[in-house]
Amino acid sequence: MKYLDEFSNPELARHLLDGIRAATSRRWAIMEVCGGQTHSIIRHGIDQLLPDQIEMIHGPGCPVCVTPLEVIDKALEIAARPGVIFCSFGDMLRVPGSSKDLFRVKSEGGDVRVVYSPLDALNLAKENPDREVVFFGIGFETTAPANAMTVYQAKRLGIRNFSLLVSHVLVPPAIAAIMESPTCRVQGFLAAGHVCTVMGTDEYPPLAEQYRVPMVVTGFEPLDILEGIRRTVLQLESGRHELENAYPRAVSAAGNPAAKAMLQDVFEVTDRGWRGIGVIPRSGWRLSERYREFDAEHRFAVGDLHTEESTICRSGEVLQGLIKPNECAAFGKQCTPRNPLGATMVSSEGACAAYYLYRRLDLPAEVAHA
């Protein structure tokens with residue numbers, strides 16, 4: 001309970017809020033990159049406790065949400081094939097593709113299974129040598145090491161009926177893409193602590209310098225987030241743009257060297273599409289040539305599948321921080337957790353799901369009266 005109780009202390013939260021209010025002299029727009037941080041902010045009402053001059057913009061750091069529609073359709077195509085056991089974490093099963101989701105494929109006879117680790121899928125491949133077992137490998141730098149280790153183990157053990165459908169994306173190129181957008185309003189970033197736990201912080205000082213924005217590595221408990229906001233505001237008010245590590249109990253500058261070595265061996269950097277955003281150069285990973293035989297996209301020849309996004313769903317604008325979820329006309333009406341139009345309403349880290357779950361259903365006053 002140590003880091004739950006201590007980092008949710010109301011008295012300390014009030015102290016940090018007082019510090020933020022005292023430091024704030026003008027309007028600032030700060031983006032929390034991670035969807036887990038978004039849920040913490042909305043759940044605890046942090047955005048409503050902050051001074052009116054500070055706006056929190058919800059970023060694209062929800063791995064389920066940014067998985068492109070065409071990758072979902074590739075998963076659906078593979079999962080529906082005879083002889084395939086398709087494995088995924090549970091939060092991907094209700095993400096809508098062009099016409100259905102993985103739950104529908106399962107109801108139609110596909111062998112779709114929820115697992116809790118990619119190694120569970122590898123064990124299924126050992127136990128079912130006559131079946132093709134595919135694991136849906138999505139996410140940011142945080143989940144990639146476990147997927148890389150699983151592919152490494154599959155090759156080392158000679159398990160040839162296992163493959164990985166890869167949709168891994170990287171945070172720093174996304175930050176660069178956000179800052180280079182002509183509609184960008186972001187003036188500072190809360191960087192995702194769990195990503196930096198793996199990768200370290202070396203990639204962020206050049207971004208802070210290039211785009212002249214403060215970046216503060218932040219955790220996920222209320223006090224973590226408030227301290228991250230406080231440090232960001234202090235930098236903004238003083239005209240500084242540096243990287244600060246406000247999550248030292250988990251993050252070091254070097255990150256996790258063993259995990260990074262595994263990633264470098266198994267993956268290589270590639271251009272990657274982001275749902276609602278488009279292709280960001282060198283913003284993802286794919287399996288390197290040494291492990292290409294374990295690439296499900298190549299194994300099942302689904303590389304040329306192309307799709308079009310819904311014209312109703314505005315999740316792309318939500319992911320870019322251009323609108324709040326309740327500013328979408330479909331929010332809470334055509335689009336609900338039971339009938340989602342986009343991944344941001346499905347994922348446990350999606351901004352739309354957070355607004356719906358914690359009853360932020362009304363439009364902001366300035367939008368309602370515009």
Side-chain angles (χ1 to χ4, degrees), residues 1-24 27-63 65 140 142 171 174-175 178 185-198 201 204 208 213-237 240 242-251 318-319 321 324-325 344 347-355 357-360:
M1 299 293 290
K2 178 178 175 63
Y3 292 130
L4 295 180
D5 292 342
E6 288 186 359
F7 285 82
S8 299
N9 184 295
E11 190 60 39
L12 292 175
R14 280 190 287 269
H15 180 72
L16 286 170
L17 283 164
D18 288 344
I20 293 168
R21 291 190 190 98
T24 304
R27 299 189 69 85
W28 299 112
I30 301 170
M31 174 176 280
E32 82 279 1
V33 174
C34 174
Q37 291 172 340
T38 298
H39 269 253
S40 188
I41 288 168
I42 303 303
R43 176 187 176 191
H44 296 286
I46 290 173
D47 57 327
Q48 297 177 325
L49 296 171
L50 292 170
D52 291 340
Q53 302 100 307
I54 296 179
E55 178 189 1
M56 298 306 298
I57 298 177
H58 314 313
C62 163
C65 304
F140 289 89
T142 319
V171 169
I175 290 176
I178 289 166
R185 298 185 297 113
V186 179
Q187 296 164 292
F189 285 94
L190 302 185
H194 53 0
V195 170
C196 294
T197 300
V198 175
T201 59
Y204 294 93
V213 290
M215 295 184 178
V216 180
V217 179
T218 309
F220 303 88
E221 298 302 321
L223 298 190
D224 287 322
I225 292 169
L226 288 171
E227 174 63 6
I229 294 169
R230 187 188 72 83
R231 293 194 189 198
T232 305
V233 169
L234 288 173
Q235 284 203 48
L236 289 166
E237 291 281 342
R240 293 182 292 120
E242 303 165 3
L243 173 78
E244 290 187 51
N245 181 8
Y247 198 34
R249 67 181 187 273
V251 172
V318 172
L319 289 167
K324 298 290 191 290
T344 48
S347 171
S348 60
E349 295 187 2
C352 296
Y355 272 59
L357 177 62
Y358 300 114
R359 313 308 292 170
R360 301 289 185 85

Partner set under side-chain contact (heavy atoms from CB on, under 4.5 Å) for P248, not counting sequence neighbours: N245

Provide the closest heavy-atom pair for [X] versus [Y] in the form atom of the first, atom of the second, distance.
X	Y	value
R21	D18	NH1-OD1, 3.2 Å
V33	Q37	N-OE1, 4.0 Å
T218	G228	OG1-CA, 3.7 Å
I20	P51	CG2-CD, 3.8 Å
A29	I57	CB-CD1, 3.7 Å
P60	M31	CD-SD, 4.1 Å

Nearest 0.5 Å, please: how far is [atom2] in [Y] from [atom1] in [X]?
X	Y	atom1	atom2	answer
L226	L49	CG	CG	8.0 Å
I46	L16	CD1	CG	10.0 Å
T232	L190	OG1	CG	5.0 Å
T38	M56	OG1	CE	8.0 Å
S347	H39	OG	NE2	6.5 Å
C34	F189	SG	CZ	14.0 Å

Residues E244 and Q235: side-chain donor-acceptor under 3.5 angstrom: yes

Please determine, by modelled atom types, if H44 and Y358 share a side-chain donor-acceptor pair under 3.5 angstrom. no

Could you work out, with salt bridge (charged side-chain N to carboxylate O under 4.0 Å, His left out) as the rule, every residue matching [X], not counting sequence neighbours?
X	value
E349	none
E237	none
R185	E55

For L319 and C65, what are the C-alpha separation, side-chain angles and deciding distance, and is it a side-chain contact (heavy atoms from CB on, under 4.5 Å)? CA-CA 8 Å; L319 289 167; C65 304; 3.7 Å; yes

[X]: what forms a ring-ring contact (aromatic ring centres under 6.0 Å, His included) with it, not counting sequence neighbours?
X	result
Y247	none
Y204	none
H194	F220

My understanding is that only residues two or more places apart in sequence, or in another chain, count here; which of them pass disulfide (SG to SG under 2.5 Å) with C352? none

Under the disulfide (SG to SG under 2.5 Å) test, which residues partner C196, sequence neighbours left out? none

side-chain hydrogen bond (donor to acceptor under 3.5 Å, both in side chains) against D47, all qualifying residues, sequence neighbours excluded: R360

List the residues meeting side-chain hydrogen bond (donor to acceptor under 3.5 Å, both in side chains) with E227, not counting sequence neighbours, and say none if there are none. R230, R231

Answer yes or no: is there a side-chain heavy-atom contact under 4.5 Å between D224 and R249? yes

If you look only at pairs with a residue in residues 32-46, which of them pass as a salt bridge (Lys or Arg N to Asp or Glu O under 4.0 Å), with sequence neighbours excluded? none

Do I30 and V186 pass the side-chain contact (heavy atoms from CB on, under 4.5 Å) test, and can you show the C-alpha distance, the side-chain angles, and the key distance before you say yes or no? CA-CA 6 Å; I30 301 170; V186 179; over 6 Å; no

